[in-house]
*Asks:* 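Structure provided below as structure tokens; questions to follow.
Atoms within a ligand are numbered from 1 in the order they appear, just like the ligands themselves. What you see is a predicted model, and the numbers here were worked out from it, not measured in a lab.
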Amino acid sequence: MRDANWKGTPVERMLRSCRGEPVDRPPVWLMRQAGRYLPEYRKVREGVSFMDMCKDVDRAVEVSLQPLDLLGTEAVIFFSDIFTPIPGMDVEIDFAPGPIVADPIRTAAQVEALRQPDLQSAVPFVFEILKTLRSEIDSRSIPLLGFAGAPFTLAAYLVEGQGSKNFSFLKNMMICEPEIMRLLLDKLTEMTVSYLNAQIDAGAQVVQLFDTWAGILGRDDYREWVLPYHKKIASQLNREQAPLILYVNNAAHVMEEIFSVESDVVSLDWRMNIDEAVRCAKGRVSLQGNLDPCSLAATPECIREMVQSIAAEAEPARGHVLNLGHGCLPETPVEGVRAFIEAAKGL
Ligand code: CP3
């Protein structure tokens with residue numbers, strides 16, 4: 001909802017947009033805004049492994065702030081990965097560059113052995129990073145975002161052992177050993193709720209749940225293996241303190257299900273039609289998105305037109321946060337990101 005006369009800080013603009021209260025224009029940030037497309041990121045990352053960088057509070061804080069200082073985004077997402085809490089469950093992982101699981105989880109014994117991590121001792125650096133970021137950006141009234149991977153996407157990598165095209169091992173477990181899969185998703189759900197609530201306690205003002213792979217399922221499977229876990233997470237988070245953004249990639253075929261979770265915001269990928277999403281939302285949630293990241297290769301003028309058209313389409317929604325439909329890519333041109341942010345601020 002628009003109110004041209006509204007005035008407030010970027011924190012207020014973000015929180016009000018998430019909750020559907022009137023603001024002057026949508027706030028803007030980008031998924032994966034800290035990353036390899038930025039030469040300044042590559043410099044900090046030089047000679048350090050990705051996992052070590054996630055644990056290195058100074059480096060992680062520095063790269064989290066780069067998109068704010070260099071490009072002017074209106075939110076900071078702390079630098080980490082959806083797999084950061086997984087070693088705390090006694091699973092050995094590495095990145096090359098995507099996550100690789102040393103011993104993929106395929107048996108009941110392996111699922112039973114998964115521990116609920118004591119997060120404060122397993123990932124103390126996460127909370128340290130969040131606290132430091134809040135102290136750096138509070139004076140600038142910039143909101144801090146936390147995030148976690150959704151159970152299905154985490155399970156997809158844990159069972160496959162790495163990214164996959166067909167996810168055959170995962171689907172095999174769903175079909176042949178559903179009770180093992182259910183226990184795995186239950187354990188990941190419990191961890192995710194604790195992890196996000198702990199991020200909120202440490203200073204995250206909005207949290208985003210990433211379900212990158214849930215879209216590989218048909219609707220009936222989605223209702224069984226994804227939806228109940230989203231609902232459980234949405235109901236157990238401290239949402240008075242921090243609104244929840246739900247992102248499901250490649251999932252236009254389960255739009256009704258995504259909206260039925262009643263998160264505060266639904267983050268749309270670029271394949272999702274905004275008109276349809278507005279209708280589906282029925283005023284219950286705000287929208288985020290949804291420029292195709294590849295469109296950032298266009299000219300600034302072209303990017304501005306695309307941003308204006310997205311904002312106009314999302315205007316009837318209860319609230320709108322401008323973002324991409326998926327994360328920035330290593331090949332994303334910095335100039336394109338800059339043009340996207342400028343265009344949003346000019347709305
Ligand atoms: O948005 C941000 O700026 C915060 C940082 C962030 C990263 N990963 C940093 C990262 C976030 C929010 C993520 C989420 C994430 N990680 C998801 C869900 C969102 C999505 O993109 O679908 C998934 C599926 C992962 C798993 C993952 N981590 C993959 C597949 C890869 C390798 C491929 C790639 O895109 O880089 C990673 C590594 C990773 N995570 C990097 C970064 C900056 C690259 C590491 C490097 O510097 O080499």
*Asks:* Give the atom numbers and elements of ligand 1 that come within less than 4.0 Å of a heavy atom of Phe210.
*Replies:*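 It comes down to these atoms of ligand 1: 12 (C), 18 (C), 19 (C).
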*Asks:* Once you round to the nearest 0.5 Å, how far does OG of Ser267 lie from CZ of Phe210?
*Replies:*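 One finds 7.5 Å between OG of Ser267 and CZ of Phe210.
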*Asks:* If you measure every N or O of Trp213 against every N or O of ligand 1, does any of those distances drop under 3.5 Å?
*Replies:*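 Between Trp213 and ligand 1 (N or O atoms, distance only) the closest approach is not under 3.5 Å.
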*Asks:* Would Tyr41 count as a contact residue for ligand 1, given that I'm defining contact as a non-hydrogen atom of the residue lying under 4.0 Å from a ligand atom?
*Replies:*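 Judged by the 4.0 Å heavy-atom criterion, Tyr41 does count as contacting ligand 1.
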*Asks:* As a quick check of understanding, evaluate ring-ring contact (aromatic ring centres under 6.0 Å, His included) for Tyr247 and His326, giving each step before the final call.
*Replies:* CA-CA 9 Å; Tyr247 173 75; His326 200 174; 5.6 Å; yes
*Asks:* Would you say the side-chain atoms of Gln288 and Trp29 include a donor-acceptor pair closer than 3.5 Å?
*Replies:*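 There is such a pair (donor and acceptor under 3.5 Å, judged by atom type) between the side chains of Gln288 and Trp29.
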*Asks:* Please list the nearest protein heavy atom to atom 30 (C) of ligand 1 with its residue and the distance rounded to 0.1 Å.
*Replies:*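 Answer, as residue, atom name and distance: Tyr157 OH, 3.6 Å.
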*Asks:* Measure the spacing between OG of Ser263 and NZ of Lys231 and express it to the nearest 0.5 Å.
*Replies:*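 Between atom OG of Ser263 and atom NZ of Lys231 there are 11.5 Å.
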*Asks:* What protein heavy atom sits nearest atom 9 (C) of ligand 1, and how far away is it?
*Replies:*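 Residue, atom and distance for the closest contact: Ser80 O, 3.1 Å.
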*Asks:* What distance do Thr332 atom OG1 and Gln33 atom CD have between them, rounded to the nearest 0.5 Å?
*Replies:*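 Answer rounded to 0.5 Å: 12.5 Å.
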*Asks:* Show the atoms of ligand 1 that are less than 4.0 angstrom away from any heavy atom in Met31.
*Replies:*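 Per the distance check, 1 (O).
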*Asks:* Donor-acceptor pair, Asp90 side chain versus Leu114 backbone, under 3.5 Å?
*Replies:*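 Side chain of Asp90 to backbone of Leu114: no pair is present.
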*Asks:* Take atom CD of Glu179 as the centre, draw a 6.0 Å sphere, and report whether it contains more than 12 heavy atoms from other residues, nucleotides or ligands.
*Replies:*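 Enclosed: over 12 neighbouring heavy atoms sit under 6.0 Å from CD of Glu179.
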*Asks:* May I ask you to identify the nearest protein heavy atom to atom 48 (O) of ligand 1, giving residue, atom name and distance to one decimal place in Å?
*Replies:*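 Ranked first by proximity to atom 48 (O) of ligand 1 is Arg45 NH2, 2.8 Å.
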*Asks:* ring-ring contact (aromatic ring centres under 6.0 Å, His included), that's the test. Do Phe152 and Tyr229 meet it? Break it down for me.
*Replies:* CA-CA 8 Å; Phe152 186 81; Tyr229 304 96; 9.2 Å; no
*Asks:* If you measure from CD1 on Ile245 to CG on Leu287, what distance do you get to the nearest 0.5 Å?
*Replies:*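 The distance works out to 11.5 Å.
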*Asks:* Within the 4.0 Å heavy-atom shell around Gln33, which atoms of ligand 1 are there?
*Replies:*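 Close to Gln33: 1 (O), 2 (C), 3 (O).
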*Asks:* In terms of residue, atom name and distance, what is the protein heavy atom nearest to atom 28 (N) of ligand 1?
*Replies:*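 Result for atom 28 (N) of ligand 1: Asp81 OD1, 2.7 Å.
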*Asks:* Just jot down the ligand 1 atoms closer than 4.0 angstrom to any heavy atom of Phe147, in number order.
*Replies:*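 Ligand 1 atoms under the 4.0 Å threshold to Phe147: 11 (C), 12 (C).
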*Asks:* For Gly163, state whether at least one heavy atom is located under 4.0 Å from any atom of ligand 1.
*Replies:*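 No, Gly163 has no heavy atom closer than 4.0 Å to ligand 1.
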*Asks:* In terms of side-chain geometry, is the basic nitrogen of Arg279 or Glu256 positioned less than 4.0 Å from the acidic oxygen of its partner?
*Replies:*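 Here Arg279 does not pair with Glu256 in a salt bridge, since their nearest N and O are not under 4.0 Å apart.
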*Asks:* In ligand 1, which numbered atoms sit nearer than 4.0 Å to a non-hydrogen atom of Thr212?
*Replies:*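 Atoms satisfying the 4.0 Å criterion: 18 (C), 19 (C), 20 (C), 22 (O), 24 (C).
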*Asks:* Identify, for atom 20 (C) of ligand 1, the protein heavy atom at the shortest distance, and state residue, atom and that distance.
*Replies:*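 Closest protein heavy atom to atom 20 (C) of ligand 1: His326 NE2, 3.1 Å.
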*Asks:* Heavy-atom contacts under 4.0 Å between Phe79 and ligand 1: side chain, backbone, both, or neither?
*Replies:*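 Near ligand 1, Phe79 shows its side chain, while the N, CA, C and O stay back.
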*Asks:* Just need the protein heavy atom nearest to atom 21 (O) of ligand 1, so name the residue and atom and give the distance.
*Replies:*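 Heavy-atom neighbour on the protein nearest atom 21 (O) of ligand 1: Arg32 NH1, 2.9 Å.
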*Asks:* Between Ala34 and ligand 1, does any nitrogen or oxygen pair lie at a separation below 3.5 Å?
*Replies:*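 Min N/O separation from ligand 1 is below 3.5 Å for Ala34.
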*Asks:* Short list, please: which atoms of ligand 1 are under 4.0 Å from a heavy atom of Pro97?
*Replies:*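 Near Pro97, meaning under 4.0 Å from one of its heavy atoms, ligand 1 has 31 (C), 32 (C), 37 (C), 38 (C).
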*Asks:* With a cut-off of 4.0 Å, which atoms of ligand 1 are near a heavy atom of Gly98?
*Replies:*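 Reading through ligand 1 atom by atom, the close ones are 29 (C), 31 (C), 32 (C).
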*Asks:* Using heavy atoms and a 4.0 Å limit, tell me yes or no: is Pro99 in contact with ligand 1?
*Replies:*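 It does; at least one heavy atom falls under 4.0 Å.
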*Asks:* So is Asn249 close enough to ligand 1, meaning a heavy atom under 4.0 angstrom away?
*Replies:*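 Not so, Asn249 does not reach ligand 1.
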*Asks:* Could you tell me the residue and atom name of the protein heavy atom closest to atom 36 (O) of ligand 1, and the distance to it rounded to 0.1 Å?
*Replies:*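 Protein heavy atom with the smallest distance to atom 36 (O) of ligand 1: Arg36 NH2, 2.2 Å.
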*Asks:* Counting only heavy atoms not in Phe125, do more than 12 sit closer than 6.0 Å to its CZ atom?
*Replies:*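 Yes - once you tally the heavy atoms of other residues, nucleotides and ligands closer than 6.0 Å, there are more than 12.
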*Asks:* Centre of Phe259's six-membered ring, under 6.0 Å away, within 45 degrees of the axis: is that where NZ or CZ of Arg284 sits?
*Replies:*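 Not satisfied by the 6.0 Å and 45° rule.
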*Asks:* Among all protein non-hydrogen atoms, which one is nearest to atom 23 (C) of ligand 1, and what is the separation to 0.1 Å?
*Replies:*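 Ranking protein heavy atoms by distance from atom 23 (C) of ligand 1, first comes Ile82 CD1, 3.4 Å.
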*Asks:* Taking Lys345 for the side chain and Phe340 for the main chain, is one N or O donor matched with an acceptor at less than 3.5 Å?
*Replies:*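 Side chain of Lys345 to backbone of Phe340, a donor-acceptor pair under 3.5 Å: no, none is there.
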